[in-house]
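Worksheet: the structure to be examined is printed underneath.
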Amino acid sequence: MRLSLRFVLPLLIVLAGFAYAIVPLVDQFTQRWFVRDMDIRSSLIANTIGESLLEQVAAGSKAKTAAFFVRITQDERLYAIGYCAAPQSAPLASKLFPGDIRCDNLTRFEGADKNLLTSASGPLHVAVKPLESGGTAAGKLVLIHDMSFVERRSEETRRYVFFFFAGLAIVVSLITVIVAQLSWRGWVQGMRALLRGEGLLRQPPVGAAQPEFQPIARDLQRLIRDLENEARSRDEGQTTWTAESLRAILQGELRGEDVIVVSNREPYIHQQRGDHIEVQRPASGLVTALEPIMRACSGTWIAHGSGSADRAVVDARDHVQVPPDKPAYQIRRLWLTAAEEAGYYFGFANEGLWPLCHIAHVRPTFRSGDWAHYEAVNRKFARAVAEEAKTDAPIVLVQDYHFALLPRMIRELLPNATVITFWHIPWPNPESFSICPWREQIVAGMLGSSILGFHTQSHCNNFVDTVDRLLEANVDRESFRVTLGGHATAVRRYPISIDWPPAEEMVGKPVDECRAEIRRAHDLPADHAVGIGVDRLDYTKGIVERFRAIERLLELRPEWIGRFSFIQIAAPTRSSIEEYQSHEAQVRALATRINDRFSRAGRAGPPPILLKVEHHEPRQIYEHYRAAELCFVSSLHDGMNLVAKEFVASRDDGRGVLILSQFTGAARELPEALIVNPYDADQCAAALHLALTMPEAEQRDRMRLMRNLVAEFNVYRWAGRMLLDAAIMRRRGRLADGAATAGNG
Ligand code: GDG
């Protein structure tokens with residue numbers, strides 16, 4: 001429709017122009033040309049025949065003159081001829097000479113524009129030419145030409161001109177259509193690229209580079225980015241991030257769109273305990289962070305059903321509503337065979353990618369069989385996403401290193417989905433990552449995401465460097481956007497956090513009660529100093545280094561022997577992996593050795609290390625945080641570390657000291673903690689002593705600053721920022737699609 005209009009419109013304009021302006025103009029011109037022609041012709045005839053005519057007139061033979069006239073008027077155009085010797089005389093004239101031309105009215109026809117006469121036989125041209133003989137006037141010759149041929153010629157010329165203009169109009173229309181098509185497509189593509197943030201610079205709209213547009217495109221891009229940043233900071237400045245504000249974003253910005261989370265670990269595990277079923281919350285930072293978000297948005301969480309009673313509680317479509325006491329969203333459980341779990345989860349994810357991404361000096365193990373399972377399980381989850389999606393454009397939050405291939409697979413099944421992938425662990429430098437045999441596939445799989453998030457800017461930098469090293473992708477370091485095969489991924493930093501304010505059930509019990517109960521439960525005197533550590537029993541958490549630091553404290557500051565104990569909550573994790581088994585054995589042995597050493601030191605009293613290798617409920621963990629003088633996080637490498645933030649959140653009494661490894665993402669946000677190098681036992685021992693002796697006022701000052709930060713940068717902001725960015729991206733996408741649809745219409 002649009003195309004035909006573009007074609008027909010110029011055509012109509014040209015033809016109408018022809019009818020109204022060109023035709024009269026052409027008529028006028030042709031007539032003027034022919035009149036001039038007739039004048040010249042008449043002068044020529046007069047000059048040629050003038051002399052012999054005068055001779056015949058002088059000879060007085062009227063018959064000869066008539067015959068002379070007949071001969072001359074045989075010329076098909078010369079209609080009639082006449083001679084006036086004087087104004088009073090009658091004209092000597094040929095047969096068709098019009099009667100209304102007389103010798104006394106010849107002056108009527110002597111002006112340039114007065115020489116036309118209309119007769120019964122058509123238009124006539126009258127030329128009056130004075131004759132001379134021997135230098136004196138000798139009458140006037142009247143030459144009358146038939147002008148009807150002018151009409152015919154004019155008609156012919158009009159036809160030619162019409163065809164010429166019609167042809168011209170078609171050519172003009174075609175050119176208009178082609179130019180319009182090209183520039184519209186270019187404009188649409190340019191706008192799309194701009195909206196994607198790639199700019200016209202990276203993908204010139206019509207193939208060739210257009211350097212003259214580059215500065216404009218760059219300015220435009222910058223302007224859009226500035227506006228977005230402004231909007232962002234306005235959002236951040238104004239919004240207090242809570243479950244409610246997150247819900248408002250989901251319902252407002254995202255118009256209640258379909259939200260699907262995919263993670264390996266499920267947020268609620270149903271375990272068979274004898275004849276009853278127990279619901280367990282797993283020890284996982286990821287679950288801790290996502291659970292409040294899912295409560296807020298009521299979506300679907302797809303995860304591996306790993307509990308012994310998981311199958312018993314699901315419906316026919318493998319769904320179960322959670323939390324059990326107050327259902328707010330649903331889990332879709334996926335069942336894995338033992339071989340799949342061994343290859344995908346324990347093998348490739350935890351023996352390959354986990355040590356690959358953490359600098360903890362444990363070598364990764366790569367097996368092609370594990371890789372095959374990893375690929376197959378990722379595909380299985382992709383199919384589940386497609387099954388669970390209620391629209392063709394859901395928002396899918398893909399969690400962690402178990403699903404590096406999933407983003408691309410989802411995009412293949414649901415090209416319009418907005419895939420937000422969050423990588424909860426660090427991303428190593430390109431050299432380290434390159435030892436993975438399937439490095440390219442992993443990176444390309446992740447680049448199926450719309451947004452790819454890491455905790456810190458250095459992880460983003462490492463990822464972008466890795467892409468640059470491994471793939472032929474377009475890497476824009478200014479906007480941190482990577483384009484692979486025409487699809488763009490925004491690589492962004494979203495530091496994860498925790499629920500704020502902490503739930504009443506976590507901090508409801510007064511600190512004094514917590515102190516008393518925890519000491520009582522562990523057989524510690526009421527005034528005993530307590531330190532706390534809470535981790536999965538993972539070699540990256542630096543539990544061995546932590547114990548060595550405690551040992552060093554007791555060596556350097558023996559006054560703490562018998563007066564200070566460190567409670568280590570160590571949740572069993574990945575225990576079928578050999579590395580984890582030997583790590584657990586090492587941790588247990590070290591705790592025993594240190595406890596033995598300082599019990600033998602002669603001073604009776606509680607052991608310095610209380611190692612609790614068992615699962616705890618979040619409420620119990622918070623009770624421990626609130627009971628302790630200090631919390632020690634000594635990770636050798638950690639994406640963020642939520643324990644540090646939880647400890648801060650739990651201390652509404654303003655007391656307690658956080659000792660935090662410099663190799664955690666959290667160290668960048670909590671500089672008021674005592675930041676340590678976990679490999680430096682002396683430094684850590686000094687920090688322990690400092691924490692145990694820190695004046696209350698200093699504790700409060702540090703704690704206040706840290707609590708302010710965690711309150712402001714809570715988990716709702718983490719999720720809200722990602723979802724807002726996704727909303728902006730979807731809006732841009734819709735704009736670009738709208739423009740493209742309009743362009744194709
Ligand atoms: C990854 C990254 C990143 C601990 N023991 C038990 C238990 N926990 C809870 C803690 C805390 C969480 O587990 C552990 O948090 P981390 O941050 O240390 O997390 P990782 O599991 O290593 O997770 C990490 C995190 O993802 C989030 O992105 O911070 O860097 O490695 O919430 O309280 N919870 C329960 N029982 C326990 O025995 N229920």
Side-chain angles (χ1 to χ4, degrees), residues 261 263-269 271 278-293 323 349-350 353-355 357-360 397-402 421-427 453-456 459 493-499 502-503 505-506 532-543 546 567-575 580 611-626 631-650 660-661 663-670 710 713-715 718-719 722:
V261 166
S263 75
N264 172 71
R265 179 70 64 234
E266 50 183 345
Y268 292 89
I269 307 175
Q271 300 285 19
E278 193 180 285
V279 184
Q280 211 178 59
R281 303 284 307 279
S284 152
L286 179 156
V287 169
T288 308
L290 282 165
E291 157 74 3
I293 292 156
N350 285 319
L353 287 178
W354 178 268
C357 292
H358 287 93
I359 308 169
L397 300 166
V398 174
Q399 303 303 311
D400 231 353
Y401 62 101
H402 311 96
T421 301
F422 194 79
W423 196 259
H424 290 258
I425 63 176
W427 188 272
F454 294 94
H455 293 301
T456 70
H459 300 158
R493 165 183 170 265
Y494 300 100
I496 207 168
S497 195
I498 56 164
D499 196 1
E505 65 162 313
M506 304 293 178
I532 179 76
V534 178
D535 308 81
R536 287 181 302 100
L537 194 37
D538 195 296
Y539 53 80
T540 60
K541 300 294 180 184
I543 299 171
R546 198 175 304 168
I567 304 173
Q568 176 64 51
I569 290 177
T573 183
R574 306 170 195 172
S575 13
Y580 283 79
L611 178 60
K612 306 283 166 193
V613 182
E614 61 199 66
H615 185 83
H616 287 69
E617 283 308 304
R619 194 186 33 78
Q620 296 173 291
I621 294 173
Y622 268 70
E623 215 174 306
H624 279 84
Y625 290 144
R626 284 162 75 77
C631 174
F632 191 1
V633 173
S634 55
S635 308
L636 305 181
H637 203 188
D638 218 333
M640 173 56 71
N641 194 284
L642 295 181
V643 169
K645 293 188 174 180
E646 286 171 358
F647 176 67
V648 169
S650 76
L660 182 57
S661 160
F663 305 121
T664 60
R668 295 169 200 239
E669 292 183 70
L670 302 171
V710 178
F713 292 86
N714 59 28
V715 75
W718 171 75
M722 284 194 288

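Both ligands and their constituent atoms are indexed starting at 1 by order of listing.
- The N/O atoms of His358, backbone and side chain alike, include none that comes under 3.5 Å of an N/O atom in ligand 1.
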Task: Evaluation steps, side chain to side chain contact (heavy atoms under 4.5 Å, CB included), between Leu290 and Trp718 - done: CA-CA 10 Å; Leu290 282 165; Trp718 171 75; 3.9 Å; yes
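- Paired with Leu670 under the rule side chain to side chain contact (heavy atoms under 4.5 Å, CB included), one option of Val633, Asn641, Leu660 passes, and it is Leu660.
- For ligand 1, none of its N or O atoms has an N or O atom of Ile425 under 3.5 Å away.
- For the atom pair Leu537 CG and Lys612 NZ, the distance stands at 14.5 Å (nearest 0.5 Å).
- Taking a cut-off of under 4.0 Å to the non-hydrogen atoms of Gly639, the atoms of ligand 1 that pass are 30 (O).
- Rounding to the nearest 0.5 angstrom, the gap separating the CD atom in Gln399 from the CZ atom in Arg265 is 14.0 Å.
- Checked options Thr664, Asp638, Asp535; the residue passing with Lys541 is Asp638 (criterion: side chain to side chain donor-acceptor pair (under 3.5 Å)).
- Close approach of ligand 1 to Glu646 is summarised as follows: ligand atoms under 4.0 Å from at least one heavy atom of the residue are 10 (C), 11 (C), 32 (O), 33 (O).
- Residue Ile496 touches ligand 1 through its side chain alone, judged by heavy-atom distances below 4.0 Å.
- At least one heavy atom of Pro282 sits under 4.0 Å from some atom of ligand 1.
- The shortest separation from a heavy atom of His455 to ligand 1 is under 4.0 Å, placing the residue in contact.
- Using cut-offs of 30° and 60° for the angle between ring planes, the Trp354 and His358 rings count as tilted.
- Against a heavy-atom cut-off of under 4.0 Å, Arg536 is close to the following atoms of ligand 1: 20 (P), 21 (O), 22 (O).
- Counting the atoms of ligand 1 from 1 in the order shown, those under 4.0 Å from a heavy atom of Leu642 are 15 (O), 16 (P), 17 (O), 27 (C), 29 (O).
- At a heavy-atom cutoff of 4.0 Å, ligand 1 is contacted by no atom of Asp400, backbone or side chain.
- Not a single N or O atom of Asp535, backbone or side chain, sits closer than 3.5 Å to an N or O atom of ligand 1.
- The aromatic rings of His424 and His455 stand perpendicular to each other, their planes meeting at an angle above 60°, with 30° marking the opposite boundary.
- Taking a cut-off of under 4.0 Å to the non-hydrogen atoms of Trp354, the atoms of ligand 1 that pass are 31 (O).
- Atoms of ligand 1 found under 4.0 Å from any heavy atom of His424 (numbered from 1 in listed order, with element): 2 (C), 3 (C), 24 (C), 26 (O), 27 (C), 28 (O), 30 (O).
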Task: Chi angles and distances behind the side chain to side chain contact (heavy atoms under 4.5 Å, CB included) call for Phe647, Val534 - done: CA-CA 10 Å; Phe647 176 67; Val534 178; over 6 Å; no
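- The shortest distance between side-chain heavy atoms of Leu636 and Tyr539 does not fall below 4.5 Å.
- Of all the atoms in ligand 1, the ones that sit under 4.0 Å from a non-hydrogen atom of His616 are 35 (C), 36 (N), 37 (C), 38 (O), 39 (N).
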Open item on the list: Leu611 vs Gln568, test: side chain to side chain contact (heavy atoms under 4.5 Å, CB included). Steps then yes/no.
Closed with: CA-CA 5 Å; Leu611 178 60; Gln568 176 64 51; 3.8 Å; yes
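- Listed by number with element, the atoms of ligand 1 under 4.0 angstrom from any heavy atom of Arg281 are 39 (N).
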